[in-house]
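When a ligand or atom number is given, it counts from 1 through the structure's own listing order. The model shown is predicted, which means the values in this text are computed figures rather than measured ones.
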Amino acid sequence: MDRIIGQYTGSEKGPLLIAVGGLHGNEHAGVEGIKRLLFLLNREEIINPGFVFKGEFIGIAGNKMALENKVRFIDKDLNRIWGTVGDQESAEEYGQMETITAIIEQSITTYAHTQVVLLDLHTTSAPRGIFAVPTDLEGSLFFAESLHCPVIINMMDELKGTMVGYYAGKIIGGSTISSLAFESGQHDDPLSITMSVAALVNCLRSIGCVHEDDVEGKHDDVLKAYANGLPSKCRIIYKHHIQDASKYQMLPGFEGFQKITAGQLLAYDDGVEVRAPMNGRILMPLYQQKGNEGFFIVDEG
Ligand SMILES: [Zn+2]
């Protein structure tokens with residue numbers, strides 16, 4: 001697998017969209033979505049003579065070694081270490097972080113003429129995990145809302161060391177970066193690739209790389225249909241931290257945004273019952289062997 005999945009250069013100068021897929025190596029939908037977007041852009045050139053692309057798109061593979069091994073990470077979670085300094089034992093992910101940083105910075109200094117958006121693509125282990133995670137910078141929320149799915153407004157405050165958090169508002173070569181994350185559904189669901197493509201296309205349209213008339217309505221429709229019935233804006237009110245995911249067992253059958261009630265049995269952590277401390281909707285119930293968050297509880301609004 002190449003680190004740079006591909007790039008597309010417009011015929012006119014304009015904004016830069018940097019997309020990263022697979023910062024978690026068991027989440028392939030983002031990488032596949034980027035490949036499919038590049039295919040669509042190249043095809044559009046041929047079938048739509050009036051097609052104009054302004055600026056630049058670049059797609060980057062995240063945790064390469066973990067992607068090749070289909071695991072979340074090798075030594076350290078690559079989306080929890082940004083802005084920190086590694087020790088020798090965790091060299092694998094720290095080395096990758098340096099490589100990705102270099103590519104991002106080089107792309108911005110080379111291609112950024114106006115706006116820069118960094119979109120980080122993820123998936124969840126439970127079904128119906130579709131949502132956008134903006135930072136608290138105004139531009140980021142605008143892009144998140146254009147994805148027609150639940151927006152989790154304070155999630156960035158709950159997760160330390162994320163790439164999106166690290167780059168939020170950072171100024172490189174005179175350009176300020178708007179960053180956000182998008183969770184496109186369940187890890188191996190083919191629909192998660194479709195949702196990633198739709199999110200990428202919507203982002204290109206929102207920043208002005210492509211004109212509205214050149215974007216098919218189906219990308220909006222698939223996102224709206226998938227997120228139908230889900231709340232539009234949520235806030236995290238609880239995070240269940242776990243020490244060892246291999247000893248954590250979520251009760252089967254939970255989906256993203258499913259309503260739960262206070263006192264409801266949700267999981268066993270090292271054999272001990274875990275019950276919901278309040279009413280709300282469950283987010284990212286963990287059905288995999290790696291990770292430090294057992295689940296979140298969100299509230300609408
Ligand atoms: Zn992820």
Verdict with supporting geometry, L23 and I100, side chain to side chain contact (heavy atoms under 4.5 Å, CB included): CA-CA 10 Å; L23 265 190; I100 296 168; 4.1 Å; yes
Is there a salt bridge (Lys or Arg N to Asp or Glu O under 4.0 Å) between D77 and R72 once you walk through the steps? CA-CA 7 Å; D77 189 327; R72 183 174 169 94; 3.0 Å; yes
Can you label the angle between the Y8 ring and the F51 ring as parallel, tilted or perpendicular, going by 30° and 60°? tilted
For the Zn ion (ligand 1), check which protein N, O or S atoms are under 2.8 Å away and list them. H24 ND1, E27 OE1, E27 OE2, H122 ND1
Decide yes or no for D75 and Y94: does some side-chain heavy atom of the first lie under 4.5 Å from some side-chain heavy atom of the second? no
Within residues 278-300 or reaching into it, pairs that qualify as salt bridge (Lys or Arg N to Asp or Glu O under 4.0 Å) - sequence neighbours excluded: R80-E293, R281-E300
Indicate the ring-plane relationship of Y166 and W82, choosing parallel, tilted or perpendicular according to the 30° and 60° boundaries. tilted
